[in-house]
Amino acid sequence: MKKILLVVLPLLFVSLLMASHLTPSELKSDLDLSYGGEFRTRAIMNNDAFENDGGWFDNRLRFDLAAKLADKLGVTWTTEVGDIQWSDFGNQAPDLETRELYLDYQMNWMDMKVRLGQQYWYDHRSLVLDDYFSGITADMNVAGIPMELGFIKYDEGAVNKLDDAHVAFANFMFKTPVDWGVTAMFGQNHDDHTADIWVIPYFMLNFEPVKLDLTAVINQQMYNEDYYADDSAMGIAFAAKAEFDLGVKLGADFLMVTEDGINTLSSYYVNGLYLFGNQLPYDGVQISSDYNWGESYMSIVGTAAYPVNEQMEVYGALGMATADDPIGMELNVGMNYKVLDMLTFNPVLAVGQTGDRWEGIGADGNMVYMLGGLLKAEF
């Protein structure tokens, strides 16, 4: 009996593997696949606005996979695992997220490329939107003018109720006589009974060795009179960024926002600061990066960077943010060091002080800091 089983079981196993009804779809052997991504490890020591000290290590992996299905058709999938903090002897369930998952279709008409699904987009200085979202976008060329159109569904709510929120945008880019463009956006939130119109003109001037970037946001905020005391307001923001390349790269960043502020979808404005601004490699250490305080807001930052050699660059920034009262000031220094072609090391030290704007919660006049090291491998 044992001999029979020894013969029958392997034959049964092979038969199952070869059974056509177990393979509902065949893999394409000639599929054009490409991939890329990055793995990073961070070590951070920092405190908060109340001078509570702490720190952590974490890892993150991002992986991009693209499949070319036809000459003008492709699918892209971007996943992220992390940030996984070093804890519990490493026995943590991985936090797997899909960042991007979209279909690309290149059309012959107006050289249009349509992208459908979860994707990424940002306005010129990330003052209103800089994030992943679900929707549909189209890049095209009309009479020699590059144009972007998009529809974003950023909150569905209940599927059987009109309580969702969505945004439509159009971005036009012009090249003569200077590089400039304008973005128009319309957003509506049925649950909050609000709507917004954003107009974002921007200009990029290049007078070597000086580059100047000027951006404005005009935000008409509309509220339903049946739900709110005021039916509308207008907020304005103005951002200016200058860069001077004199061997030593010098820069300046200025942002001003009026008292009514600007409604944002998912902003990520970068001004050169870590504690009182945004810097993606060290996301999560911010003391405050908000520029909608219900008061007139202003930030001023000066930056400098020096390429020591082909492998190493040192940089730093000094700046402050204020509303009616000072929010905080910061000094930071860092280094980008190329260990290998695909491996970089980025240590940073940022120190600052909170201002009188925190007085109501007892956090004004406190010293804040962040000391970090980041090792990133790209492939």
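Separation of atoms CG (Asp364) and CG (Asn366) is listed at 7.0 Å; rounding is to 0.5 Å. Separating the CD atom in Gln311 from the CE atom in Met335 is a distance of 11.0 Å, to the nearest 0.5 Å. Atom CD1 of residue Ile300 and atom CG of residue Leu318 lie 10.5 Å apart, to the nearest 0.5 angstrom. The OG atom of Ser134 lies 10.5 Å from the CZ atom of Phe151; values are rounded to the nearest 0.5 Å. Rounded to the nearest 0.5 angstrom, Asn271 CG and Asn278 CG are separated by 7.5 Å. Rounded to the nearest 0.5 angstrom, Phe244 CZ and Lys249 NZ are separated by 14.5 Å.
Side-chain atoms of Asn336 never come within 3.5 Å of backbone atoms of Thr344 as a donor-acceptor pair (strictly under, hydrogens ignored). Judged by distance alone, with hydrogens and angles left aside, the side-chain atoms of Glu243 form no donor-acceptor pair with the main-chain N or O of Val210 at under 3.5 Å. With Asp192 contributing its side chain and Thr194 its backbone, the two residues share no donor-acceptor pair below 3.5 Å. Side-chain N or O atoms of Thr264 include none that pairs as donor or acceptor with a backbone N or O of Ser267 at under 3.5 Å. At least one donor-acceptor pair under 3.5 Å links the side chain of Gln286 to the backbone N or O of Gly284.
Comment: Arg115 does not engage Asp139 in a salt bridge, judged by the lack of any side-chain N to carboxylate O separation of less than 4.0 angstrom. The residues Arg42 and Asp58 are annotated as salt-bridged, a charged nitrogen and a carboxylate oxygen being separated by less than 4.0 angstrom.
Residues Tyr102 and Trp77 place their aromatic rings such that the two centres sit no closer than 6.0 Å. Ring to ring, Tyr132 and Tyr120 are close: their centroids are under 6.0 angstrom apart. Separation of the Tyr223 and His193 ring centroids does not fall under the 6.0 Å cut-off.
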Verify side chain to side chain contact (heavy atoms under 4.5 Å, CB included) between Tyr291 and Leu255, making sure each step is shown before the conclusion. CA-CA 9 Å; Tyr291 41 80; Leu255 174 64; 4.0 Å; yes
Stepwise, does the side chain to side chain contact (heavy atoms under 4.5 Å, CB included) test hold for Ile236 with Val217? CA-CA 6 Å; Ile236 298 174; Val217 178; over 6 Å; no
Could you walk me through whether Asn219 and Gln221 pass the side chain to side chain donor-acceptor pair (under 3.5 Å) check? CA-CA 6 Å; Asn219 174 210; Gln221 307 159 15; 3.0 Å; yes
Tell me, with the steps shown, if Ser296 and Glu259 meet side chain to side chain donor-acceptor pair (under 3.5 Å). CA-CA 4 Å; Ser296 297; Glu259 183 177 347; 5.0 Å; no
Using the side chain to side chain donor-acceptor pair (under 3.5 Å) rule, take His124 and Asp213 through it: C-alpha gap first, then chi angles, then the decisive distance, then the call. CA-CA 10 Å; His124 180 65; Asp213 189 305; 2.7 Å; yes
CA sep, side-chain torsions, deciding dist, call: Tyr282, Asn332, side chain to side chain donor-acceptor pair (under 3.5 Å): CA-CA 13 Å; Tyr282 284 92; Asn332 62 61; over 6 Å; no
Are Glu38 and Arg62 close enough, and set up right, to give a salt bridge (charged side-chain N to carboxylate O under 4.0 Å, His left out), and what steps lead you there? CA-CA 5 Å; Glu38 66 174 45; Arg62 285 188 173 175; 5.2 Å; no
Step by step, would you call Asn263 with Asn292 a side chain to side chain contact (heavy atoms under 4.5 Å, CB included)? CA-CA 8 Å; Asn263 289 335; Asn292 288 311; over 6 Å; no
Does Trp293 form a side chain to side chain contact (heavy atoms under 4.5 Å, CB included) with Ile327? I'd like the steps, not just the answer. CA-CA 10 Å; Trp293 287 76; Ile327 297 170; 3.3 Å; yes
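Applying the side chain to side chain donor-acceptor pair (under 3.5 Å) definition to pairs two or more places apart or across chains, those involving residues 350-363 are Glu295-Arg357. Residue pairs satisfying the ring-ring contact (aromatic ring centres under 6.0 Å, His included) criterion with at least one member in residues 306-357, sequence neighbours excluded, are absent. Within the structure, salt bridge (charged side-chain N to carboxylate O under 4.0 Å, His left out) contacts touching residues 329-344 (residues at least two apart or in different chains) are Lys338-Asp341.
By the rule that hydrophobic residues join a cluster once side-chain heavy atoms approach within less than 4.5 Å of another member, Met298 and Phe238 end up as members of one cluster. Hydrophobic clustering (ILVMFWY, side-chain heavy atoms < 4.5 Å, transitive): Ile44 and Ile287 are in one cluster. Linking ILVMFWY side-chain heavy atoms closer than 4.5 Å, directly or via other members, places Met147 and Met204 in two distinct hydrophobic clusters. Val285 and Leu280 end up in different hydrophobic clusters when Ile, Leu, Val, Met, Phe, Trp and Tyr side chains are linked at under 4.5 Å. In the hydrophobic clustering of ILVMFWY residues, with side-chain heavy atoms under 4.5 Å counting as a link, Val75 and Leu31 come out together.
The two residues Ala237 and Ile262 come nearest to each other via the heavy atoms CB-CD1, 3.9 Å. What you find for Thr258 and Met234 is that their closest heavy atoms are OG1-O, 4.4 Å. Closest of all the heavy-atom pairs between Glu313 and Ala305 is OE2-CB, 3.9 Å. Residues Pro281 and Asn346 share a closest heavy-atom pair of CB-OD1, 4.3 Å. For the residue pair His166 and Tyr154, the shortest heavy atom distance occurs at N-CE2, 3.9 Å. What you find for Ala239 and Leu127 is that their closest heavy atoms are CB-CD1, 4.3 Å.
Heavy atoms of other residues, nucleotides or ligands lying less than 6.0 angstrom from CE of Met112 number more than 12. A 6.0 Å sphere centred on OH of Tyr35 holds no more than 12 heavy atoms belonging to other residues, nucleotides or ligands. The number of heavy atoms from other shown groups lying within 6.0 Å of NZ (Lys153) is above 12. Atom OH of Tyr122 has 12 or fewer neighbouring heavy atoms from other residues, nucleotides or ligands inside a 6.0 Å radius. Around atom CE of Met110, more than 12 heavy atoms belonging to other residues, nucleotides or ligands sit under 6.0 Å away.
Remark: the Glu97 side chain and the Thr79 side chain contain no N/O donor-acceptor pair separated by less than 3.5 Å. With hydrogens and angles left out, the side-chain atoms of Asp111 and Gln106 include a donor and acceptor closer than 3.5 Å. Between the side chains of Asn52 and Asn47, no donor N or O sits under 3.5 Å from an acceptor N or O.
In this structure, Val199 and Val182 have side chains that are in contact, with non-hydrogen atoms separated by less than 4.5 Å. Annotation: side chain of Phe203 is not in contact with side chain of Thr215 (no heavy-atom distance under 4.5 Å).
When each of Phe169, Phe133, Tyr268 is tested with Trp121 by the rule ring-ring contact (aromatic ring centres under 6.0 Å, His included), just one qualifies, namely Phe169. Of the options Asp253, Asp123, Asp130, a side-chain hydrogen bond (donor to acceptor under 3.5 Å, both in side chains) to Tyr269 is made by Asp253 and by none of the others.
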